[in-house]
Amino acid sequence: MSLASYTARRAALGLVQVLAVVTLVFFLVEALPGDAAVALAGDNPDPARIAQIRAAMGLDRPTFERFAQWLVGLPQLDFGVSLVSGRPVADFLFSGIGPTVALAALTLVLLVPISVLVGVLAALREGSLLDRALTSITVALHSIPEFALAVVLIAVFGVQLAWLPPTAVGADLFAQPAVLVLPLVVLLARPICSISRLVRAGMVDALASDYVRHARRLGIGETRVRFAHALPNALAPAVQQVARTTDWLLGGVIVVEAVFVIPGLGTVLVDSVAARDLPVVQGLAVVFAVTTVAVNLLADLVAFRLAPRAEVVA
Amino acid sequence: MSPVVHVEDLRAEVDGHVLLDSVSFALSAGRVLALVGASGSGKTTTGLALLGEHGSGVSVSGHVEVHGRVGFVPQQPASALNPVRRLDAVFREIAALHEGDPGELVETALRRARVPADLLRRYPHQLSGGQQQRVVLAQALVGDPAVLVADEPTTGQDALTRAEVVSELAAVVAQGVALVLLTHDVEVVRALADEIVVLRAGRVVEAGTAHELLTDPREDYTRALLDATPQVFAEVPDREPRLRVRGLTARYRNTTVLHDVDLDVGERLAVVGRSGSGKTTLGRSLAGLHQQATGEVLLHDRPLARSLRRRSRAALAAVQYVFQDARGSFDEHRSVLDQVARTAVRLRGVRPAEARSTALAALSRVGLDEETVLRRPRDLSGGELQRAALVRALLAEPEVLVCDEITSGLDAVTRAGLLDLLASVPCALVLISHDLDVVARLADQVVVLHEGRVVMDGPVATTLDGAKERMK
């Protein structure tokens, strides 16, 4: 199968996945007891007032009609209106997406080279003191949860030593990059460990393979053998893990955003859930679904190029 | 003509254990020297010494002189080609190592190995086995080597690919390259070799021209090794077929690989056919290893469940399977003896202590002593493991034993031992093979499969010639 036809197949599948998630999100929210009108009516709901709000918001119309309307709005980035503030949901999403994407991009830019380097170094010196030291450190680091690491780093570098701002409260992320340092360290800690372990394992296997031995016999230089012959094979398993990490960075770093008070999508999610602002929650779910599908699509394409033999069953 | 390869008194040892001892030979341009010997005889060590290489911990001494470059054609090209690299990129890398215009170097090498240039945009997995073989040959030919060392170039290839490999190598030799062939494939030796050096446990047993050694060898060992046409026919009792197959159709995903097969399995049945003809699927269906199938497999007129899980203990014991890859069929973490003895415990309810002593006795009958079988699989050779796998299956006291290509990749001596063992088994034998010598020696009935259909079924005497035609 060629890359083009594989891409087309995977993209079509991705579209179906997004549609399925979007449908599921809508009907799950629909299944929740009480609706937006109940939430808006306050603590002492008057049935007449609830009915009035329902009529005003169109909630009295049939479910499928509303679903169709919502679905049509999605491609135009019309996610509905927040119950709490009356602002469009899209505004919330746009305000949160900036910090989240910036943080994710910075993390990835540092993550990929560092973890590949660490993995390759450990593999090239397999069994050496360096390899064992790296193994011990990565295993230890990987077993510390983010919130614990975050609290310790804030206590040491933010409060005790006062080298770095402890949180990003009220700061403009792009004007004061120093506020991003501690969150970045926390976000990098565990993915570096898992990805470098995968690269190391892949590299050790690749270096012992028949094709590497064959390349050496053909007289190809050692650097080339390592980086052009062994490394591409070693990367295939790591790519999937990078994808999972990216997905997590784009939607799941709620704890880190909360600890460092970064106004990203995670914070928006926490706030909207606390306020029962269902349209915003729905909108976030759609955004997370689309990023998850897109990131995995990309990862599958890269993996397909790196392991053209593998028939990835779509 | 002065020799391009001259090896004098080559010696190799590892930890005081001698791998090679006073090995000497010489070879001129355009000639083929075959280094033959059973596994572990030192063929590969000698071949590596020509490349100036040795395994870790091996010390090599002696005189190795090569005029010109040495090219290496590896065993199993499928694993020697990097799966993620397109061929052209790798060829460019190799060409950059040699003097001259890279494009021209590659083009010459491709032409000499008869690789069409339009294959270059492909990945290795998009090539057939024969094409992969030619590609590694072309890689070795870049920069015009004086000597080629080919390590078991035909191991694991089907008859057609084997013939291709032989003709490719012959063509290269005709262009004046000297070829050192490390092999235990007698057919290839017959077809190509000008000179033969027979190695046994690191020593040269006999050396001479191919004609001399093939027609009138001095040593029994040479005779056993180079004698490709085994004779012995075992007496096979006439009896009702134990296993019948009715209307068997098998699929992989959406591809039908067996079409409506009807078969009476006699005492010594051989299933032959090209790669992909459905031989292995037929064997697997008999043993309950292939579930996407319809139709019936009857043991003494009682249908067997299609899936292994739904077969009773007795039914499981009745049909046993020996896999082509013996190593893969053993758990690498437990001793071979444990695993062989386990069959009798699981399938016949024998007590463990008793199973162990029975297993030991049976293993020693096939030449595997206690010390050997107490080790883990990785410390045994392929031939030893294959014998152990056979004993393991026989300890279940099966009615039918399915053997899938179990002699491929073994040298002639090991193979002969295994065939003797098979000839004497008390059960019905289903022999899946593309080696017609093996078939001629063991089978009384031959079934020829072609694209999933039985195209011939009859006694070996009348069917074998037709089978040969079909295999071409």
Side-chain angles (χ1 to χ4, degrees), chain A residues 1-6 9 116 120 125-128 198-199 202-240 299-314, chain B residues 44 47-48 50-56 69-87 89-99 105-106 109 121-127 132 135-143 145 148-152 156 252-254:
Chain A
M1 190 167 22
S2 75
L3 189 61
S5 66
Y6 180 70
R9 249 179 60 182
V116 169
V120 169
R125 308 249 182 291
E126 194 196 350
S128 71
L198 284 173
V199 172
M203 195 70 182
V204 166
D205 281 352
L207 285 174
S209 68
D210 286 345
Y211 52 80
V212 161
R213 197 173 313 123
H214 180 62
R216 286 195 180 126
R217 284 203 179 121
L218 288 170
I220 295 171
E222 190 57 28
T223 315
R224 218 162 228 293
V225 167
R226 283 174 183 172
F227 295 101
H229 289 252
L231 188 58
N233 284 284
L235 289 182
V239 168
Q240 299 294 341
D300 280 353
L301 295 184
V302 175
F304 185 79
R305 172 61 188 87
L306 287 178
R309 254 187 320 193
E311 271 186 47
V312 187
V313 182
Chain B
T44 308
L48 289 181
L50 289 177
L51 295 169
E53 268 186 51
H54 52 78
S56 67
R69 243 174 34 73
V70 187
F72 184 75
V73 181
Q75 181 171 179
Q76 285 162 341
S79 62
L81 292 170
N82 194 328
V84 310
R85 302 293 308 272
R86 280 206 171 95
L87 301 178
V90 177
F91 269 108
R92 275 199 302 275
E93 280 181 17
I94 303 169
L97 301 168
H98 299 282
E99 283 181 23
L105 283 173
V106 173
R121 292 296 299 156
R122 297 200 190 170
Y123 291 101
H125 72 282
Q126 295 166 322
L127 304 176
Q132 289 175 338
V135 166
V136 292
L137 183 61
Q139 289 182 338
L141 285 173
V142 175
L148 276 184
V149 177
D151 185 11
E152 303 285 4
Y252 271 105
R253 300 246 180 96
N254 302 321

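Order of the sequence lines sets the chain letters (A, B, ...), proteins ahead of strands, with each chain counted from 1. All of these numbers come straight from a predicted model, not from anything done at the bench.
Shown here is R224(A), whose CZ atom has no more than 12 heavy atoms of other residues, nucleotides or ligands within 6.0 Å. Within 6.0 Å of CD in E99(B) there are 12 or fewer heavy atoms belonging to other residues, nucleotides or ligands.
The two residues R85(B) and A228(A) have their closest heavy-atom pair at NH1-O, 3.0 Å. Nearest heavy-atom pair across I220(A) and L97(B) is N-CD1, 3.6 Å. Of all non-hydrogen atoms in A80(B) and H214(A), the two that sit nearest each other are O-CD2, 3.3 Å. Pairing each heavy atom of V84(B) with each of P232(A), the nearest pair is CG2-CB, 3.5 Å. In terms of heavy atoms, V90(B) sits closest to H229(A) at CG2-CE1, 4.1 Å.
For F227(A), there are no ring pair (Phe, Tyr, Trp, His ring centres under 6.0 Å) partners two or more places apart in sequence or in a different chain.
No donor-acceptor distance shorter than 3.5 angstrom exists from the side chain of R217(A) to the backbone of E53(B), with no hydrogens or angles considered.
Within the 4.5 Å cutoff, the side chain of Y211(A) has heavy atoms near those of the P83(B) side chain. Residues Q75(B) and D210(A) fail the side-chain proximity criterion, which asks for heavy atoms closer than 4.5 Å.
Among L81(B), N82(B), V70(B), the residue making the largest number of heavy-atom pairs under 4.5 Å with chain A is N82(B).
For R213(A), no part lies under 4.5 angstrom from a heavy atom of chain B.
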